[in-house]
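The structure appears right after this line, and notes come after that.
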Protein chains: 2
Amino acid sequence: MLKLSKKVEYGLIAIRHMASIESITTAKEISEHYKLPFDLLAKVMQKLSKNKIIASHQGIHGGYKLAKSADSISIMDIIQTIEGHIPGIVQCIDEGLEKCSIHQNCTIRNPLHKIQENLESVFNNLKVSELV
Amino acid sequence: MLKLSKKVEYGLIAIRHMASIESITTAKEISEHYKLPFDLLAKVMQKLSKNKIIASHQGIHGGYKLAKSADSISIMDIIQTIEGHIPGIVQCIDEGLEKCSIHQNCTIRNPLHKIQENLESVFNNLKVSELV
DNA sequence: AAACTAACGGACTTAAATAGTCGTATTATA
DNA sequence: TATAATACGACTATTTAAGTCCGTTAGTTT
């Protein structure tokens with residue numbers, strides 16, 4: 001619980017790697033350098049590419065590089081891209097109050113919502129350029 | 001990912017409930033009031049009891065109540081009690097650097113550690129008395 | 001034009017974590 | 001002594017995450 005997924009972890013590593021070099025790089029290169037499972041990493045990078053966080057180039061000397069500056073990419077951008085949405089720390093925040101079995105009687109939603117906001121602001125404010 | 005477990009959620013609800021009433025209450029009462037699975041809730045309350053966060057009384061008119069004041073119980077206390085340890089957002093923070101496949105080449109551990117600390121301080125500083 | 005190598009993408013399998021259940025023992029009280 | 005509560009271990013089911021496999025598409029180079 002309260003863990004980042006491996007996909008997000010791999011995404012962060014890949015982005016961090018691309019931020020540290022100028023030239024184009026490939027999924028294979030990164031997977032070998034950091035010993036990450038190629039297929040999974042490749043998919044993560046494809047998602048990052050679809051969301052224009054990194055730019056892809058197909059073909060024999062293709063690969064990826066950052067599509068924008070490292071200080072304009074937040075950790076939140078990466079999480080959101082890979083997970084599809086900003087995860088909520090509890091279901092009623094994640095999927096809405098309706099799906100909550102407790103509903104009216106729930107006494108913890110408001111305070112948890114504040115924790116959620118705090119967490120989100122941390123991820124929003126931390127940029128790839130600060131990943132050092 | 002980045003979710004609190006149901007056990008922690010149920011624990012928070014139970015603690016919050018006990019903080020709002022003076023008298024002794026039971027796992028059955030809470031499970032019915034909030035429609036939570038009895039067995040699971042009961043186990044959570046047993047853990048809270050073993051860690052002296054709540055006090056238990058067996059026997060026919062037994063039950064639980066807070067063992068200390070609501071402003072001296074942090075959310076972190078509850079999470080730690082129920083989960084056994086403070087969870088880390090990534091494995092190398094949770095279980096130590098040795099178990100990390102990336103090791104030397106890891107470039108994201110330090111920044112993630114800062115996020116971790118931030119998260120922990122939020123949970124540390126939020127007390128049960130503020131669960132409103 | 002053919003061969004090569006990289007990204008692209010869907011379907012699938014495996015593994016791990018979480019959630020929930022069941023059975024039984026213990027303990028205090030009316 | 002019957003009852004109603006906690007205590008606790010073992011088990012099952014469910015869900016989520018992680019990883020794999022297969023084929024396709026697209027630029028490059030020879």
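Remember, predicted model here, so these are calculated numbers, not experimental data. Chain letters run A, B, ... following the sequence lines, proteins first and then strands; every chain starts at 1.
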Exercise. Are Ile115(A) and Leu126(A) grouped together when hydrophobic residues (ILVMFWY) are joined by side-chain heavy atoms under 4.5 angstrom apart?
Worked result: yes

Problem set entry | Backbone N/O of Lys127(B) and side chain of Glu130(B): donor-acceptor pair under 3.5 Å | yes

Problem set entry | Euclidean distance, atom CG of residue Asp39(B) to atom C1' of dA7(D) [Å, nearest integer] | 12 Å

For this session: Please determine, for the side chain of Lys43(B), which listed nucleotide (dT21(C), dG10(C), dG19(D)) has the closest atom?
Result: dT21(C)

Exercise. Using 30° and 60° as the class limits, which term best fits the ring planes of His33(A) and His17(A): parallel, tilted or perpendicular?
Worked result: tilted

Problem set entry | Heavy-atom donor-acceptor pair, Glu9(A) side chain to Leu4(A) backbone, under 3.5 Å | no

Exercise. Are Leu66(B) and Val44(B) connected in the hydrophobic side-chain network, where two residues link if heavy atoms are under 4.5 Å apart?
Worked result: yes

Exercise. Can you name the one residue among Asp77(A), Thr81(A), Ile82(A) that meets side-chain contact (heavy atoms from CB on, under 4.5 Å) with Asn51(A)?
Worked result: Thr81(A)

For this session: Round to the nearest Å and state the distance from Asp94(B) atom CG to dA17(C) atom C1'.
Result: 13 Å

Problem set entry | Side-chain (Arg16(B)) to main-chain (Ile108(A)) donor-acceptor, under 3.5 angstrom | no

Exercise. Once you round it to whole Å, what is the distance between C1' of dA7(D) and NZ of Lys52(B)?
Worked result: 15 Å

Exercise. Do any N or O atoms from the side chain of Lys28(B) and from the backbone of Thr25(B) form a donor-acceptor pair under 3.5 angstrom?
Worked result: no

Problem set entry | Side chain proximity check, Ile30(A) to Thr26(A), heavy atoms < 4.5 angstrom | no

So which protein N/O to nucleotides 4-8 of chain C N/O distances come out below 3.5 Å?
| unit_1 | atom_1 | unit_2 | atom_2 | d |
| --- | --- | --- | --- | --- |
| dA6(C) | O4' | Gly59(A) | O | 3.3 |
| dA7(C) | OP1 | Ala27(A) | N | 3.1 |
| dA7(C) | N3 | Gln58(A) | NE2 | 3.2 |
| dC8(C) | OP1 | Ser56(A) | OG | 2.7 |
| dC8(C) | OP2 | Tyr64(A) | OH | 2.8 |

For this session: Measure from CD1 on Ile24(B) to C1' on dA28(C) and round the result to the nearest Å.
Result: 11 Å

Problem set entry | Side-chain donor/acceptor of Gln116(B) to backbone N/O of Pro87(B), under 3.5 Å | yes

Seminar exercise, completed: So, with a heavy-atom separation below 4.0 Å from DNA chain C, the residues of residues 1-20 of chain A are Met1(A)

Exercise. Out of curiosity, His113(A) NE2 to Cys92(A) SG, how far, rounded to the nearest 0.5 Å?
Worked result: 8.5 Å

For this session: Could you check how far CG of Leu40(B) sits from P of dG23(C), rounded to whole Å?
Result: 17 Å

For this session: Check DNA chain C against residues 76-89 of chain A and give the residues with a non-hydrogen atom under 4.0 Å, in numerical order.
Result: none

